[in-house]
Engineer: 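If you scroll down you'll find the structure; I have some questions about it.
Just so it is clear: chains get the letters A, B, ... in the order the sequence lines come, proteins before strands, and each one is counted from 1.
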Amino acid sequence: MKKHMIRGILLTLSAAALTLTGCATVPNVQYGDAGSAKPITTEFGSSDLQQIAESMVDSLLTFPPMVELTTQRRPVLSVDKVKNKTMQHIDTESVTDSVRTKLIRSGKFRFIDRTTDEAAVDEIKIQQESGLVNQKTAVNFGQQIGAEFLLTANFSEIRQKAGGVTDVYYKFTMNLKNLKTGILEWSDEKEIRKVFKRSTFGG
Amino acid sequence: MKGSMLKNGCRAAGVMLIAGWMAAPLCLSGCSTTAGTEATGKTTWNQEGAPELSKNVIFNNSSLAGNIEIVDMKSFMAGNMMMAQVSIHSRNRDTVPIQYKFAWFDVQGMEIGANAGAWKPYLVYGRETRTIQGVAPDPRAREFKLKIREPDAADN
């Protein structure tokens, strides 16, 4: 009787141990909100990217001379690489991609994309030279539309550290340059400040 | 250490709503499950053909309702793009951190780019009145909804 009880207790304990270890190793993965604004560190994050892109697009779309310009026609723009002057490795193309996507979606601007030119040249070459394509429908070289404006951007940060406090200030400046006249037709900047305070407990 | 129940409670208590009269019945049913605040403004045209903004504000979060007051809502057409401006006033003596997001609807009430926007952090200093502005993603927008929530609600 006693033996049975001890065996029973041992079995229960080992089962519990198994269950516990099982629970501890199950990974806790969840889908998060892609638009979440919860900062994890002072490094450049997804929310910062979204804030910058939205702010730039809102400003460009509502700048009175731009409103006037885009009521009659949809100007063609090209995007330059962002000058990243921060200490971080940031995929700045992702920022300009977001800006470009939003501007295209607004229906106010059109864009040319120089990053896919190589593939376009290959495709046009095939159309012209392979003999596979009906020449009535083949695209000729020299037919593309040149950009009227160039979207340029600078990205900088100022980082300050004192004791347990890290203060990072980001500034993203964007300009729209008229390629013919060289005049900056629009410019705006978005500032973001992130502060990290080391907590007294468990810091 | 927050328990999961407490966490869920916080999340549920996180969102503010302001809603236009057309969207009000929909919004009310929505608000009953999403504690917080939402605000909607809808552009209509009066008999003279001038645009008018009808607006409505619903608070479902007692903590936010105690801290934040919606004092004014405006809309403006920049060309054919709708711009919205909501003025909020803090009743609190301390700084109140909030997050906000605009949602845009076309003339039929269909949301443009549903669930696409990102929450934006915003600080409202003690007793301060600040404005939140948003621009529609494209020219179809005729109605906006501003959602305001506490940052604690954003646990993911």
Side-chain angles (χ1 to χ4, degrees), chain A residues 28-40 42 45-75 94-95 98-109 170 186 188 190-195 201-202, chain B residues 1-2 4 7-8 10-11 14-15 34 74-86 95 97-104 106 111-123 125 131-141 144 146-156:
Chain A
N28 183 12
V29 182
Q30 289 168 3
Y31 280 107
D33 180 4
S36 166
K38 189 182 183 185
I40 309 288
T42 55
S46 64
S47 175
D48 306 322
L49 187 154
Q50 288 161 336
Q51 286 178 55
I52 287 170
E54 219 163 290
S55 162
M56 291 297 129
V57 170
D58 287 1
S59 168
L60 181 57
L61 289 177
T62 52
F63 186 54
M66 281 298 135
V67 172
E68 202 183 320
L69 183 77
T70 54
T71 44
Q72 301 300 324
R73 60 196 184 90
R74 295 163 64 207
S94 182
V95 183
S98 284
V99 171
R100 188 178 64 187
T101 306
K102 284 177 198 295
L103 287 175
I104 293 174
R105 301 281 312 158
S106 76
K108 300 280 177 190
F109 295 96
Y170 293 100
W186 164 85
D188 205 352
K190 170 72 181 170
E191 298 165 297
I192 292 172
R193 165 159 264 128
K194 288 171 109 174
V195 182
F201 302 103
Chain B
M1 267 283 278
K2 280 180 185 174
S4 64
K7 227 175 185 181
N8 284 340
C10 284
R11 186 193 301 162
V15 186
T34 323
K74 277 189 176 123
S75 78
F76 169 73
M77 296 303 278
N80 54 5
M81 301 290 273
M82 187 179 184
M83 264 181 96
Q85 175 177 296
V86 179
T95 303
I98 57 164
Q99 292 185 355
Y100 73 90
K101 176 158 109 168
F102 277 97
W104 301 89
D106 67 13
E111 186 170 355
I112 299 163
N115 307 317
W119 289 95
K120 285 195 203 135
Y122 203 65
L123 289 179
Y125 295 108
T131 52
I132 297 174
Q133 283 190 340
V135 180
D138 68 45
R140 286 174 295 167
F144 69 89
L146 174 69
K147 298 176 186 181
I148 301 175
R149 69 179 184 183
E150 291 168 309
D152 289 345
D155 61 346
N156 52 23

Engineer: Is any residue of residues 66-74 of chain A within less than 4.5 Å of chain B by heavy atoms, and which ones?
Structural biologist: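 Within residues 66-74 of chain A, the residues that come under 4.5 Å of chain B (heavy atoms only) are Val67(A).
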Engineer: What verdict does the side chain to side chain contact (heavy atoms under 4.5 Å, CB included) test give for Asp58(A) and Gln133(B), after you've listed the backbone C-alpha separation in whole Å, the side-chain angles of each residue and the deciding distance to 0.1 Å?
Structural biologist: CA-CA 9 Å; Asp58(A) 287 1; Gln133(B) 283 190 340; over 6 Å; no
Engineer: Identify the heavy atoms of Ser106(A) and Pro139(B) that sit nearest to each other, and give their distance.
Structural biologist: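 What the structure gives for the nearest pair is O-CD, 3.3 Å.
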Engineer: With Lys120(B), which of Glu54(A), Gln50(A), Gln51(A) fulfils side chain to side chain donor-acceptor pair (under 3.5 Å)?
Structural biologist: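 Result for side chain to side chain donor-acceptor pair (under 3.5 Å) with Lys120(B): Glu54(A).
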Engineer: With the side chain counted from C-beta on, respond yes when Trp119(B) and Asp33(A) share a heavy-atom pair under 4.5 Å apart, and no when they do not.
Structural biologist: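 The answer is yes; the side chains approach within 4.5 Å.
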Engineer: With rounding to the nearest 0.5 Å, note down the distance linking CG in Asp138(B) to CD1 in Ile104(A).
Structural biologist: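 Reported to 0.5 Å precision, the distance equals 13.5 Å.
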